[in-house]
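Okay, structure first, notes after.
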Amino acid sequence: MSQQIKSQKHQKLLLIEDDTTIARIYQEYLHNEPLEITHSETGSSALDHFKTDQPDIVILDLHLPDIPGSKILKTIHKQHPNCPIIVITAHGSIDTAVKAMQTGASDFLLKPFTSERLILIIRRIMECHPSNHPIKTPQQDHYHHKFCNFIGTSPAMQTLYQKIQRAGNSKAAIFITGESGTGKELTAEAIHQLSPRQTKPFIALNCGAIPDNLIESEIFGHVKGAFTSALENRSGAAIEADGGTLFLDELCEMNHALQVKLLRFIQTGTFRRVGSDKIETVDVRFICATNRNPWKEVEEGRFRADLYYRLNVIPLNIPPLNQRGEDVIQLATHYMKKYANEEGVIFTNFSDEAKDALLAHHWPGNVRELQNIIRNALVLNDGPTLTRSMLTFTAKSEAKNQALMPANTPQLTNPLTPEIKPLWRAEHDMIRSALNRYDGNVQKAAEILEVSPSTLYRRLKELSEPTKRT
Amino acid sequence: MSFPPQKSCTPQKIDETILNPQALIQLSKDIRISMIPVLIEDFEKNAATRMTAITTAIKEENIKTLHHHAHALVGSAATLGCLQLQSLLSAIETACHKNDQSKALELAAQANTICTASITALKDNTKKHPIASSLNSKPSSRAQTSQNLKP
């Protein structure tokens, strides 16, 4: 089967850099990326390389011993206009970088730069470059390893990727549905990234997180004096998203009065700031999302039918994690590497039992729950293998798993009465829950538990050691 | 070419005017920590080659060659935190760029000494802190964190 985005395992990168130490550092920066890196120390050897094996992407240091980098850039760009070239220049030579961009470079990096910056640029270029999006028939569409920032190759996600790819080219409104933590905002970002509006702003607004009395101002802006705290004019998300995409998450939380205004805005592209009579016009593409069933919301009178029909031009349903099969392992591996790097710990693989547990779990919290469980395991345990005993599924998700068990499965506890646990266990679980909620952020977990971070660390350590439990 | 040990850079305390340990801390976040001693070794070899070329360029009063080799080393010096060397090589570059031959040669005359001190400081820093030991010991279950590199 062909692939629409080339398997990143086969992306070939040519690094043209005369300083071998620096070249080795860049290769180290990228050692976790699915790239085959070839290093050329001179311009002539780089040009020779193109004759035998054309790379997918080039990193070019403009200072080379034999041929000026600018000349190499021109030559490569002329002969291989679809090959993205990232130029590297010394700190302070911004003019050189600008000239390089005018000559055809895709991006530039000023020395010194971090690995994050380099990886970010390479990923963005590889995902968005036209050479990676050849036109294929739908039957040929198949995405390996990654699609935009998604991870997963399950049939359910392949179908979603195809829809996203097609939706990206349209101007039609999109209504994304899916459970919490499935990646609705990621989907919206991918649609924006693949649309002709990709260079314009992508503005995301969570309607559920903003109080009713402020949401109108957040979307449409306000004029000075429109309400007590309106001390100056403010443009809202609608203006900020002009030319780009406006993503309204948790749309079903929006009140009826504002739904009417939003409908008018979607139909006409015009709106008034709060407290203003002036009509303003913008060009915005709408993507909305909800974790509820929007049609049920319409039937129960909480969501306007006309707004539903206006937005539901292209419906996209994100599959829950428990329908994504082996994607769970791909995602878990991705987050294990990411968090191991962030936390400064070594974890390299999952035990077979851990993989089985991940695959068997129901994942009511979807990818967000998976992220929390992996981070929790990394923070509280030693690697390099992540084992089954390190995976702490939350009480809520365990309950859901139990609910899904066959009827003859013995119930260990009465679901109607809270489980009585040893006090140390309850405290331990509470600390873990708080850490899970805040993605392992000890400061925030300590705040919600009303203890100092050092107390939290100490208690967790004590509770993990049987002899020290009090 | 080898670099004689410098009296000014004892293993007791890292001179932060010569070496910025924060650069190594940043590097340890970006790459596998076991690679840092490898990079230092690589840098030492590369620097030795460049210093030979710079010495020849000084003798021949060849500003173009001097400029080239100063530029070629400044990036890795900066990445490894060799502040004094980075500063000197940048100054040489500037002087060459301005075609100020006497200034460029005067600065270049210090290059070998400062380069030697920088490499000694780099090696001392890795000996003093556990990054070097990570190469010789069995892999630890927990990564060497950037904390290990703090002076």
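Please read all numbers here as calculations on a predicted model, not as lab measurements. All values below come from the heavy atoms of this structure, side chains included, with hydrogens, waters and symmetry mates left out. So you know, we letter chains A, B, ... as the sequences are listed, proteins then strands, and number each from 1.
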I need the [X] [atom1] to [Y] [atom2] distance, nearest 0.5 Å.
X: Asp30(B); Y: Leu30(A); atom1: CG; atom2: CG; result: 10.5 Å
X: Ser76(B); Y: Arg24(A); atom1: OG; atom2: CZ; result: 12.5 Å
X: Leu64(A); Y: His71(B); atom1: CG; atom2: NE2; result: 9.0 Å
X: Ile31(B); Y: Ile25(A); atom1: CD1; atom2: CD1; result: 6.0 Å

Between Asn32(A) and chain B, with a heavy-atom cut-off of 4.5 Å, which part of the residue counts as in contact: side chain, backbone, both or neither?
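Contact with chain B is absent: no heavy atom of Asn32(A) under 4.5 Å.
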Taking the side chain as everything from C-beta on, heavy atoms only, tell me whether Asp18(A) gets closer than 4.5 Å to His68(B).
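Side-chain contact under 4.5 Å: yes.
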Are Tyr29(A) and Leu27(B) packed together at the side-chain level, in the sense that at least one heavy-atom pair is separated by less than 4.5 angstrom?
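Yes, their side chains come closer than 4.5 Å.
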Under 4.5 Å from any heavy atom of chain A - which part of Ala78(B):
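Neither part.
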More than 12 heavy atoms of other residues, nucleotides or ligands under 6.0 Å from [atom1] of [X]: yes or no?
X: His31(A); atom1: NE2; result: yes
X: Glu342(A); atom1: CD; result: yes
X: Glu116(A); atom1: CD; result: no

Pair Lys45(B), Thr20(A) - check side-chain contact (heavy atoms from CB on, under 4.5 Å), show working.
CA-CA 10 Å; Lys45(B) 283 181 193 164; Thr20(A) 52; over 6 Å; no
Parallel, tilted or perpendicular: which fits the ring planes of His67(B) and His63(A), with parallel below 30° and perpendicular above 60°?
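Aromatic pair His67(B)/His63(A) classed tilted.
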